[in-house]
*Asks:* 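What follows is a structure written as structure tokens; I'll ask about it next.
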Amino acid sequence: MAADKSKQVMFSGIQPSGIFTLGNYLGAVRNWSVMQSDFDSLFCLVDLHAITVRQDPATLRENIMRGFAVLMACGLDPERCTLFVQSHVPAHSQLSWLLGAYAQFGELSRMTQFKDKSQRYADNINAALFTYPVLMAADILLYQAELVPVGIDQKQHVELTRDIATRFNGIYGDTFTLPDVYFPKVGAKIMSLLDPTKKMSKSDDNPGSYVAVLDEPDVIIKKFRRAVTDSEARVRFSPDKPGVSNLMTIYAALTERDMAAIEAEFEGKGYGDFKQAVAEAVVETLRPVRRRFLDLMENPDYLLECCHKGAEKAAKKAEPTLKLVTERIGLIG
Ligand code: ATP
Ligand code: LTN
């Protein structure tokens with residue numbers, strides 16, 4: 001339960017399954033940074049979720065350190081929020097096991113992310129991939145979070161979290177706060193640059209499909225130049241123009257302009273000018289992130305210290321809920 005009782009608790013997480021993308025930034029991390037001081041905020045690098053698909057140990061280790069630094073570079077401030085690595089707070093795994101007894105096989109089988117990932121990683125449909133949403137429910141419920149800011153793809157998981165909490169509360173009495181999902185009006189689902197019918201994803205095999213927040217300016221410009229559009233050569237927002245609409249969404253999210261204003265701005269101009277403008281807006285937004293990241297990586301001891309302090313803060317906040325749940329279930333202390 002919140003240390004600062006005057007503020008609502010906000011919780012969110014991101015997997016260190018690669019270098020964060022523009023989709024992660026616009027759909028999630030940017031909002032976390034903007035909202036962090038308005039809430040008792042916790043942000044978690046969910047390494048235990050990342051191992052539900054096979055990870056090379058050296059790469060995972062590097063992605064965790066870099067991921068932590070990127071979150072700080074995006075503006076998450078360890079003084080204003082609790083920023084930590086999931087596996088450093090064992091209460092997440094403990095609560096996850098307990099909640100597993102209140103999640104049904106049928107509801108877990110309906111999760112789209114499970115269905116997608118079991119298709120994509122057909123040779124490794126492991127138990128943790130299946131129970132992934134139970135661990136996510138534990139992440140959220142452990143802190144009695146009221147708000148969960150995520151991209152739209154995670155809405156179903158937050159709804160399942162509410163269902164698990166409601167079931168538990170129904171059996172044992174009020175134990176968990178029911179969390180609400182929050183996503184941005186523009187940018188809640190950024191699509192792949194190469195296949196705009198697919199979500200932009202950091203674990204995509206083709207780096208041309210995403211912009212990583214650490215990509216250098218010339219790489220960003222090239223990726224936008226190669227982004228899939230259509231043959232109409234007119235900047236117009238429409239479901240039958242998914243590539244152009246996706247680029248417009250990125251531009252809208254960065255410049256706070258609406259679609260009509262963007263259409264007017266590029267009236268009579270070709271896709272070349274439009275892509276250049278979008279790319280430049282992205283480069284300018286990410287430039288300071290990259291700079292701060294490089295500074296932070298110069299000082300790994302400081303990063304590790306932030307990591308460990310964050311975990312200590314989180315572990316304290318997690319304690320009361322785990323204790324309450326074990327008591328309610330009937331385990332003895
Ligand atoms: P992976 O490719 O490993 O599945 P991912 O890129 O989908 O990873 P996550 O770590 O699963 O990223 O998600 C972190 C946060 O970013 C979540 O809140 C998620 O909803 C959001 N997010 C991920 N991809 C996008 C996207 N393309 N557009 C908007 N938000 C996104
Ligand atoms: N499942 C999420 C990451 C995640 C998360 C969470 C998000 C794990 N635990 C708790 C919000 C709250 C994802 O794949 N993006």
Side-chain angles (χ1 to χ4, degrees), residues 1-15 39-52 81-111 113-114 126-148 150 154 156-181 307-333:
M1 290 176 201
D4 180 351
K5 302 270 187 241
S6 64
K7 286 184 179 175
Q8 290 190 318
V9 179
M10 171 163 80
F11 184 97
S12 200
I14 186 163
Q15 303 182 68
F39 292 82
D40 178 8
S41 303
L42 297 107
F43 302 112
C44 183
L45 199 55
V46 291
D47 52 351
L48 298 175
H49 277 109
I51 63 162
T52 57
C81 68
T82 304
L83 179 62
F84 66 107
V85 176
Q86 189 183 37
S87 65
H88 292 176
V89 182
H92 289 246
S93 313
Q94 291 169 293
L95 183 62
S96 175
W97 179 261
L98 300 175
L99 291 182
Y102 308 88
Q104 298 300 309
F105 179 86
E107 56 194 1
L108 291 174
S109 314
R110 284 194 291 276
M111 294 295 114
Q113 182 172 302
F114 171 67
N126 59 71
L129 188 67
F130 186 66
T131 57
Y132 176 115
V134 180
L135 178 59
M136 176 159 162
D139 296 340
I140 297 168
L141 299 177
L142 195 51
Y143 302 99
Q144 308 287 351
E146 279 154 277
L147 202 67
V148 183
V150 282
Q154 293 302 311
Q156 195 184 29
H157 286 160
V158 180
E159 282 163 0
L160 178 64
T161 301
R162 287 176 68 95
D163 292 343
I164 294 172
T166 304
R167 188 170 299 135
F168 194 97
N169 289 350
I171 302 170
Y172 301 104
D174 254 4
T175 307
F176 294 122
T177 304
L178 298 190
D180 284 316
V181 69
C307 229
H308 293 139
K309 279 193 182 154
E312 256 174 56
K313 256 160 80 178
K316 278 206 191 84
K317 288 171 191 267
E319 226 172 82
T321 303
L322 189 62
K323 186 161 180 289
L324 179 65
V325 172
T326 35
E327 279 167 10
R328 291 259 153 113
I329 291 177
L331 305 177
I332 62 165

*Asks:* Roughly how far apart are I332 CD1 and E327 CD, rounded to 0.5 Å?
*Replies:* 12.0 Å
*Asks:* Quick one: closest heavy-atom pair of D180 and R162, and the distance?
*Replies:* OD1-NH1, 3.0 Å
*Asks:* Heavy-atom distance under 4.5 Å between the side chains of F84 and K309, does that happen here?
*Replies:* no
*Asks:* Donor-acceptor check, side chain of T175 to backbone of G173, threshold 3.5 angstrom: yes or no?
*Replies:* yes
*Asks:* Side chains of V148 and Q154: closer than 4.5 Å at any heavy-atom pair?
*Replies:* no
*Asks:* If the condition is side chain to side chain donor-acceptor pair (under 3.5 Å), which residues does E107 pass it with, not counting sequence neighbours?
*Replies:* R167
*Asks:* Treating Q144 as the side-chain partner and T177 as the backbone partner, does any N or O pair qualify as donor plus acceptor under 3.5 Å?
*Replies:* yes
*Asks:* Who passes side chain to side chain donor-acceptor pair (under 3.5 Å) against D163, sequence neighbours left out?
*Replies:* none
*Asks:* Specify the closest pair of heavy atoms between V134 and A103, including all atoms of both residues, with the distance to one decimal.
*Replies:* CG2-CB, 3.8 Å
*Asks:* Can you find a pair of side-chain heavy atoms, one from L135 and one from Q86, that are under 4.5 Å apart?
*Replies:* yes
*Asks:* Any pair with a residue in residues 308-333 that passes ring pair (Phe, Tyr, Trp, His ring centres under 6.0 Å), sequence neighbours left out, goes on the list, sorted by first then second residue, please.
*Replies:* H88-H308
*Asks:* Check whether any side-chain N or O of Q113 sits under 3.5 Å from a backbone N or O of Q156 as a donor-acceptor pair, and report yes or no.
*Replies:* no
*Asks:* Can you find a pair of side-chain heavy atoms, one from C44 and one from D139, that are under 4.5 Å apart?
*Replies:* no
*Asks:* Is a donor on one side and an acceptor on the other found under 3.5 Å between the side chain of R328 and the backbone of D174?
*Replies:* yes
*Asks:* Could you report the tightest heavy-atom contact between V46 and G13, atom names first, then the distance?
*Replies:* CG1-CA, 4.2 Å
*Asks:* Quick one: pull up NZ in K7 and CZ in F39 and give me the separation to the nearest 0.5 Å.
*Replies:* 9.5 Å
*Asks:* Check ring-ring contact (aromatic ring centres under 6.0 Å, His included) between H49 and all other residues, then give those that pass, not counting sequence neighbours.
*Replies:* Y132
*Asks:* Residues in ring-ring contact (aromatic ring centres under 6.0 Å, His included) with F168, at least two apart?
*Replies:* Y102, Y172, F176
*Asks:* Between NE2 of H157 and CE of M136, what distance do you get to the nearest 0.5 Å?
*Replies:* 6.5 Å
*Asks:* Would you confirm whether the ring centroid of Y143 sits within less than 6.0 angstrom of the ring centroid of H92?
*Replies:* yes
*Asks:* Rounded at 0.5 Å granularity, tell me how far CD1 in I140 sits from OG in S12.
*Replies:* 7.5 Å
*Asks:* Between L331 and V325, is there a side-chain heavy-atom distance shorter than 4.5 Å?
*Replies:* no
*Asks:* Could you state the interatomic distance from CD (Q104) to CG (L160), rounded to the nearest 0.5 Å?
*Replies:* 10.0 Å
*Asks:* For S109 versus F114, what's the shortest heavy-atom pair and its separation?
*Replies:* O-CD2, 4.5 Å
*Asks:* How close do V89 and A315 get, counting heavy atoms only, and between which atoms?
*Replies:* CG1-CA, 3.9 Å
*Asks:* Around atom NZ of K313, are there more than 12 heavy atoms of other residues, nucleotides or ligands at under 6.0 Å?
*Replies:* yes
*Asks:* For L322 and Q94, which heavy atoms make the closest approach, and how far apart are they?
*Replies:* CD2-OE1, 3.5 Å
*Asks:* Determine yes or no for a side-chain-to-main-chain donor-acceptor pair under 3.5 angstrom, with T321 supplying the side chain and L142 the backbone.
*Replies:* yes
*Asks:* Fit a plane to each ring of F105 and F130, take the angle between them on a 0 to 90° scale, and name the class: parallel (under 30°), tilted (30 to 60°) or perpendicular (over 60°).
*Replies:* tilted
*Asks:* Verify, without hydrogens or angle tests, whether N126 (side chain) and T52 (backbone) share a donor-acceptor contact under 3.5 angstrom.
*Replies:* yes
*Asks:* Residues two or more places apart in sequence or in another chain: which of them pass side chain to side chain contact (heavy atoms under 4.5 Å, CB included) with A137?
*Replies:* L99, L141, T161, I164
